[in-house]
Amino acid sequence: MVSVLHTALELRAACDEVRAAGGRVGLVPTMGSLHAGHLALVEHAARSASAVVVTIFVNPTQFGPNEDFEKYPRTLERDVAASAEAGATFVFAPAVVEMYPPGERTRVSVSGLTEHLCGRSRPGHFEGVTTIVTKLLAATGPCVAVFGRKDYQQLKVVERMVRDLLLPVEIAGHPTVREADGVALSSRNQYLSSEDRARARAIPEALRRAVEGFAAGERAASVLRSQAERHITSAGLHVDYVTLADPDSIEPFAEGDLVGERALLAVAVHAGSTRLIDNVVLGEDPAPGAEP
Ligand code: PAF
């Protein structure tokens, strides 16, 4: 049975009890509308910890004024059942006023890593993410926190923040979970029309071609990037960005650069009115659709 907690005090007490008994806490921060990708994070956490907290909170500060905060799917009852099934011990589902108490004045931000990719397209987004993740980590206390590599930039930003703020937390990254045709699982996939869902296949295809080109020895940043962009555009998707960047600093390569051992190919597109992101680290990740 999973216990549903609503206040930071309840969460802290539950986690303190786990640690006092010699256990380890695993944390999976989510915005709910859980799919198999989230449940893989819960299973990962359950393998690394004796009690797992799934947080479900649609965080207003990480959405821009014209984004989908209002229509973001909220399915708490189903999420609680799915969390329990995947091995969670607690679900933390706070109200907005619990996480942002009246009069709140504090934000947490990470510079540099947040300047490009989604940081450029969604001003303020990462500040909202790092602020809420700091609060969730503070309320949980020492733990292992699991994040998906689909949000690769978010994972790097949170890793940096945890090191910089000396938080007693281990951050674990979990590989992107994909549909059979390679499309990355996302809570936003449910917004897609059947035509846009078919078009979305071009995203993992473009990433797969880049992995293959890289494996065959292609190192020209302009070639790897522009081939991916062309493939996505020709499928009728609207490109927000297709960027080849250093996977550690998230600094984009210049068109004339040759990439080294590893390179992040990160993509954000609009399929209809739905924004989708995906990525692969060339030299590190398997080709989408070719996972073992
Ligand atoms: O990845 C997400 O779902 C969110 O950005 C997170 C980490 C739960 C913070 O709201």
Side-chain angles (χ1 to χ4, degrees), residues 5 8 11 26-42 44-45 52-64 67-76 79-80 82-83 86 88 90-96 98-100 104 106-110 113-114 117-119 121-140 143-162 165 167 169-177 184-191 250 266 268 274-279:
L5 313 172
L11 175 61
L27 179 72
V28 181
T30 81
M31 297 203 299
S33 183
L34 302 184
H35 51 64
H38 295 112
L39 301 180
L41 305 183
V42 179
H44 181 135
V52 175
V53 180
V54 176
T55 73
I56 297 179
F57 181 66
V58 185
N59 174 34
T61 62
Q62 70 188 77
F63 289 81
E67 295 185 351
D68 56 346
F69 172 69
E70 295 298 343
K71 82 162 188 179
Y72 200 84
R74 286 153 170 92
T75 55
L76 182 61
D79 292 344
V80 170
S83 301
F90 305 107
V91 166
F92 178 52
V96 171
E98 178 71 14
M99 300 315 285
Y100 294 99
E104 54 98 19
T106 304
R107 290 292 177 271
V108 178
S109 67
V110 173
L113 291 170
T114 56
L117 315 186
C118 288
S121 305
R122 303 182 68 189
H125 168 70
F126 282 118
E127 188 175 89
V129 170
T130 44
T131 298
I132 194 65
V133 171
T134 302
K135 290 170 187 250
L136 293 170
L137 295 177
T140 303
C143 65
V144 51
V146 187
F147 291 82
R149 280 172 70 97
K150 183 168 89 65
D151 297 286
Y152 183 89
Q153 186 177 19
Q154 169 173 281
L155 171 64
K156 292 293 128 181
V157 168
V158 169
E159 281 175 355
R160 184 73 255 168
M161 178 188 84
V162 162
L165 296 181
L167 300 177
V169 173
E170 178 189 328
I171 300 295
H174 187 84
T176 302
V177 180
L185 294 187
S186 163
S187 303
R188 292 186 168 102
N189 288 355
Q190 61 191 280
Y191 303 152
I250 318 290
T274 304
R275 188 172 181 279
L276 301 174
I277 60 169
D278 203 345
N279 72 83

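The figures that follow rest on heavy atoms only: side chains count, while hydrogens, waters and symmetry mates do not. Counting starts at 1 for both ligands and their atoms, in listed order. Everything numeric in this text was worked out from a predicted model, so none of it was measured.
No side-chain heavy atom of F57 sits less than 4.5 Å from a side-chain heavy atom of E98. Counting heavy atoms from C-beta on, the side chains of P60 and M99 never come closer than 4.5 Å.
Distance check, rounded to the nearest 0.5 Å: CD of Q62 to CD1 of I132 gives 8.0 Å.
Less than 4.0 angstrom separates some heavy atom of T30 from each of these atoms of ligand 1: 8 (C). In summary, the atoms of ligand 1 found under 4.0 Å from a heavy atom of P29, numbered by their order in the structure, are 8 (C). Listed by number with element, the atoms of ligand 1 under 4.0 Å from a non-hydrogen atom of I132 are 9 (C), 10 (O).
Among residues two or more places apart in sequence or in another chain, the side chain to side chain contact (heavy atoms under 4.5 Å, CB included) test is passed with K150 by T176, A184, S186, I277.
For the pair R107 and F126, the cation-pi criterion (under 6.0 Å, within 45° of the ring axis) is not fulfilled.
Looking at V158 against ligand 1, nothing comes within 4.0 Å, counting heavy atoms.
The single protein non-hydrogen atom nearest to atom 2 (C) of ligand 1 is Q154 NE2, 3.9 Å, given as residue, atom name and distance.
Scanning K150, H125, Q62 for the heavy atom closest to atom 10 (O) of ligand 1 points to Q62.
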